[in-house]
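By convention in this document, chain letters (A, B, ...) are assigned in the order of the sequence lines, proteins followed by strands, and residues within each chain are numbered from 1. Since we're looking at a predicted model, the values are computed, not measured.
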Amino acid sequence: MSVLRGRPVLLTGVIVAVVAVVALLATGLSRGHTIEASPLVGKAAPDFHLQGLDGKPESAVRLSDLRGQVVVVNFWASWCAECRVEQPDLDQTWNRFRDAGVVVVGVDFQDTEGDARAYLAEAGSTYPVVVDTDSTAALAFGLRGVPETFVVDQRGEIVERVIGPVEADRLADRITGLLEGGVR
Amino acid sequence: MSGLRPLHASRSAVLVAMAVLAAAVTLAMVGLRGPAPAQSQEQIVHEIAAGLRCPVCADLSAADSPAPLARQMRTQIADKLAQGDSPEEIRRSFIAAYGSSVLMTPPREGLGRLVYAFPFLALVVALGAGGVLLRRTLRRGPTTAAESRPARLTEADRRRVELALDRLRVEEP
């Protein structure tokens with residue numbers, strides 16, 4: 001680069017420009033492959049009013065009606081392999097905390113009614129399950145796939161988002177903290 | 001005639017100035033060109049969806065993706081438009097749920113500002129460099145026709161050449 005020889009200012013300028021472009025490209029490329037934390041964490045959970053999977057009017061769930069309780073909103077589908085992995089952990093959480101002011105709500109995402117019912121019958125799950133027929137709740141929660149789980153505190157604020165299968169122990173720690181009014 | 005610049009220097013300066021001007025016009029056109037205004041409701045939906053990333057796809061917009069969730073996004077956009085929401089309000093509602101990564105192009109805030117500022121910075125640098133080059137070219141001074149002609153032989157050189165030719169004629173009669 002004979003043009004730059006003996007011209008320290010020009011050389012420094014070229015180096016700075018090249019580093020700036022490389023840094024911009026690197027930032028852009030790395031952002032494209034990572035999922036940022038949900039912007040909803042720390043904010044009010046979007047309300048939904050969804051029909052129960054069994055179709056009975058009393059099975060419908062309105063999220064805002066559960067204010068005052070800790071709510072675990074789990075988006076799932078019968079075709080989702082990872083949902084089967086986390087199913088025992090969700091059942092365990094429901095059975096352990098159901099009498100302590102905690103509700104687990106399953107939200108069936110892009111599924112067929114028959115498959116979803118067969119899945120739940122096989123799993124033996126007893127917590128309320130609703131159907132997000134037109135994916136309105138999924139879009140409101142910023143869903144990127146299933147399974148995804150949101151922990152909503154007693155004030156209706158999202159305190160955690162879990163992408164992928166949940167673990168009962170980790171969920172229990174979070175719930176216990178919320179019930180004790182401590183860790184959020 | 002000290003105020004007049006010689007022909008060669010002026011031509012170079014004009015070429016440099018034209019190159020800088022062409023670069024400036026190109027960058028300005030790229031920077032200022034915006035999408036054609038949408039006409040029908042369907043076109044507005046498509047335009048908004050084209051600016052939003054399908055959340056369950058790899059680098060496909062909500063307008064291009066055949067995924068059910070992308071289809072639902074298009075339906076929701078149409079519904080919100082029918083309710084009177086502006087395109088900006090609709091975009092903001094998706095950003096509220098997904099963050100700015102839902103946008104197909106970087107937002108004009110934070111680090112994203114750099115991406116938009118870069119063409120203009122490049123334009124300023126190009127204009128500066130063009131100006132410096134132009135000044136140097138003009139400062140180089142007059143280049144006369146006599147200067148550009150090959151140097152004349154001195155009398156001594158001429159004699160040396162003649163001697164060498166004579167020697168050649170003797171060697172190769």
Using 0.5 Å steps for rounding, measure from the SG atom of B:Cys57 to the CZ atom of A:Arg144. 11.0 Å
Other residues, nucleotides and ligands only: do more than 12 of their heavy atoms fall within 6.0 Å of CD on B:Glu89? yes
Whether B:Tyr98 side chain and A:Pro39 backbone form a donor-acceptor pair below 3.5 Å: no
What distance separates A:Ser135 OG from B:Arg71 CZ, expressed to the nearest 0.5 Å? 9.5 Å
Top contributor to chain A contacts, counting heavy-atom pairs under 4.5 Å, from B:Val56, B:Thr75, B:Leu69: B:Leu69
I'd like to know if B:Val132 and B:Leu121 are part of one continuous hydrophobic network [Ile/Leu/Val/Met/Phe/Trp/Tyr, side-chain heavy atoms within less than 4.5 Å]. no
Which atoms of B:Ala96 approach chain A - backbone, side chain, both or neither, heavy atom under 4.5 Å: backbone
Using a cut-off of 6.0 Å, state whether more than 12 heavy atoms not belonging to A:Arg170 lie near its atom CZ. no
Enclosure of A:Glu167 CD (heavy-atom neighbours >12, cutoff 6.0 Å): no
Does B:Leu103 share a hydrophobic cluster with A:Leu143, counting links as ILVMFWY side-chain heavy atoms below 4.5 Å and allowing steps through other members? yes
Short side-chain to backbone donor-acceptor contact, B:Gln72 and A:Asp134, under 3.5 Å: yes
